[in-house]
Amino acid sequence: MKTQIGYFASIEQYRPMDALEQAVRAENDGFDSIWVDDHFHPWYHTNAQAGQAWAWMGAALQATKKAFFSTCITCPIMRYNPAVVAQTFATLRQMYPGRVGIAVGAGEALNEVPVTGEWPSVPVRQDMTVEAIEVMRKLWESNEPVSFKGKYYTLDNAFLYTKPDDEVPLYFSGMGPKGAQLAGKYGDHLMTVSAEPSVLKTVTIPNFEKGAREAGKDPSKMERAMLVWYAVDPDYEKAVEALRFWSGCLVPSMFKYRVCNAKEVELHANLVGHDMMKGNFMIATDAEGMIKEIERFKAAGITHFCLGNSSPDVNAGIDIFKEVIPAVKD
Ligand SMILES: C[C@H](OP(=O)(O)OC[C@@H](O)[C@@H](O)[C@@H](O)CN1c2cc(O)ccc2Cc2c1[nH]c(=O)[nH]c2=O)C(=O)N[C@@H](CCC(=O)N[C@@H](CCC(=O)O)C(=O)O)C(=O)O
Ligand SMILES: CCCCCC(=O)CC
């Protein structure tokens, strides 16, 4: 499978219009795809944003010409009703044929708790995600009104009047072994996030392949996408520190507990050391260093990169890819 290089235009880290300008620049520099975070509260408090992802996608699709777009990722189970998620992405894909996908996952307390007050366990949220996908696919595929009574969701003669000519490709996020297996079974492609190459090779990807085979699919035809943050700067330590905004994502308890306050996440994020950041993010002083970083994850099985740019000079962090992309594409 051919390697694809995507740009993660963060509307948590950057103002929506700045992220849109980054997306246009990234497309012009040769990125294949643009991904956007779907958040209610952000992963840091100071100078953070949290724009609405679908509103941003409509504007960014219109401002670009050919790049593929997807959220990275949408949780379709609580603050959003899956039928409305299906309607939104069907509309976008009809308007921009071939250019729109969706990535889904079991959610984060940061986004679901502030507006629902609910936070079910991981296994329950994974089960809800699987049922939400069933709801979305029924609506995308049916030529007749759909009635459905599931464990979590109900459709009563629901019909999508606005549909694309083909189905919306669905990436399923799996961070843990069970999540990865579900991704293979119920997703069209895998999405994962900042995992170490050894974990990808021995846990995430084998479980994803197992799930795909259980569903009778050929995993070699499915993408393995990964969101990973990077910073490029001639001063290596400055590049590491520029990734501070995302260091809360490296704290496992942020996923286990009901942490929904960005100020609290920031307190934990500020305690993460440079060693941990160096192991989990891509850090380089020049194009050659970035090429090596991408090759490291390609060797572990990643085929589609969603690269979150946290470089001190954001535009330089995009333009360096004019040199990187031709070198890493097969
Ligand atoms: C927590 C793990 O669950 P998993 O289903 O594998 O992954 C969950 C993630 O997909 C979501 O949280 C996702 O919504 C996060 N996310 C995101 C993910 C991604 O790959 C790329 C980009 C993004 C950006 C983004 C996200 N979410 C948003 O809402 N918006 C965004 O923009 C996990 O570890 N699962 C394990 C099982 C863990 C478990 O059950 N633990 C139990 C204890 C078990 C025990 O002790 O025995 C517990 O914690 O209670 C697994 O194997 O699946
Ligand atoms: C390990 C981090 C997973 C979540 C990342 C996220 O929500 C940022 C967009």
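For ligands, and for the atoms within them, numbers begin at 1 and follow the listed sequence.
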| Would you find more than 12 non-hydrogen atoms of other residues, nucleotides or ligands less than 6.0 Å from Phe159 atom CZ? | yes

| Can you tell me if CG on Asp218 sees more than 12 non-hydrogen neighbours from other groups inside 6.0 Å? | yes

Under a 4.0 angstrom heavy-atom cut-off, which atoms of ligand 1 come close to [X]?
X	value
Pro177	51 (C), 52 (O)
His39	25 (C), 30 (N), 31 (C), 32 (O)
Thr192	20 (O)
Gly174	6 (O)

| query | Can you name the residues that form a ring-ring contact (aromatic ring centres under 6.0 Å, His included) with Phe305, not counting sequence neighbours? | reply | none

| said: If the condition is ring-ring contact (aromatic ring centres under 6.0 Å, His included), which residues does Phe245 pass it with, not counting sequence neighbours? | reply: Tyr44

Could you tell me if the side chain of [Y] sits less than 4.5 Å from the side chain of [X], heavy atoms only?
X	Y	answer
Trp35	Phe68	yes
Met282	Leu307	yes
Ile73	Met191	yes
Glu134	Tyr186	no
Val228	Val193	no

Note: [X]-[Y] ion pair, threshold 4.0 Å (strictly below):
X	Y	result
Glu237	Lys278	yes
Glu266	Lys263	no
Lys238	Asp313	no
Lys292	Glu295	no
Glu209	Arg224	yes
Asp188	Lys217	no

| field | Sub-4.0 Å heavy-atom approach of Cys72 to ligand 1 | value | yes

If you have a sec, work out which protein heavy atom is nearest [atom] and how many Å separate them, to one decimal?
atom	value
atom 50 (O) of ligand 1	Lys256 NZ, 3.9 Å
atom 52 (O) of ligand 1	Lys178 N, 2.9 Å
atom 26 (C) of ligand 1	Glu108 OE2, 3.1 Å
atom 9 (C) of ligand 1	Met175 SD, 3.5 Å
atom 53 (O) of ligand 1	Gly179 N, 2.8 Å
atom 17 (C) of ligand 1	Ile73 CG1, 3.5 Å

| task | Select all protein residues for which some heavy-atom-to-ligand 2 distance is less than 4.0 Å, and list them by chain and number. | result | Phe8, Glu12, Asp37, His39, Trp43, Glu108, Val193, Trp229, Trp246, Cys249, Phe255

Who's closest to [atom] heavy-atom-wise, of [options]?
atom	options	answer
atom 2 (C) of ligand 1	Ala225, Ser173, Gly176	Gly176
atom 30 (N) of ligand 1	Ile11, Thr204, Thr71, Asp38	Asp38
atom 40 (O) of ligand 1	Val122, Asn207, Val104, Thr129	Val122
atom 28 (C) of ligand 1	Asn111, Asp37, Leu227, Val124	Asn111
atom 12 (O) of ligand 1	Gly107, Gly105, Ala195, Ser194	Gly107

| said: Holding to side chain to side chain contact (heavy atoms under 4.5 Å, CB included), I want the full list of residues that pass it with Gln4, two or more places apart in sequence or in another chain. | reply: Asp32, Glu223, His304

[atom]: any protein heavy atom closer than 4.0 Å:
atom	result
atom 6 (O) of ligand 1	yes
atom 45 (C) of ligand 1	no
atom 42 (C) of ligand 1	no

| task | Could you tell me whether Gln126 approaches ligand 1 through its side chain, its backbone, both or neither, with non-hydrogen atoms closer than 4.0 Å? | result | side chain

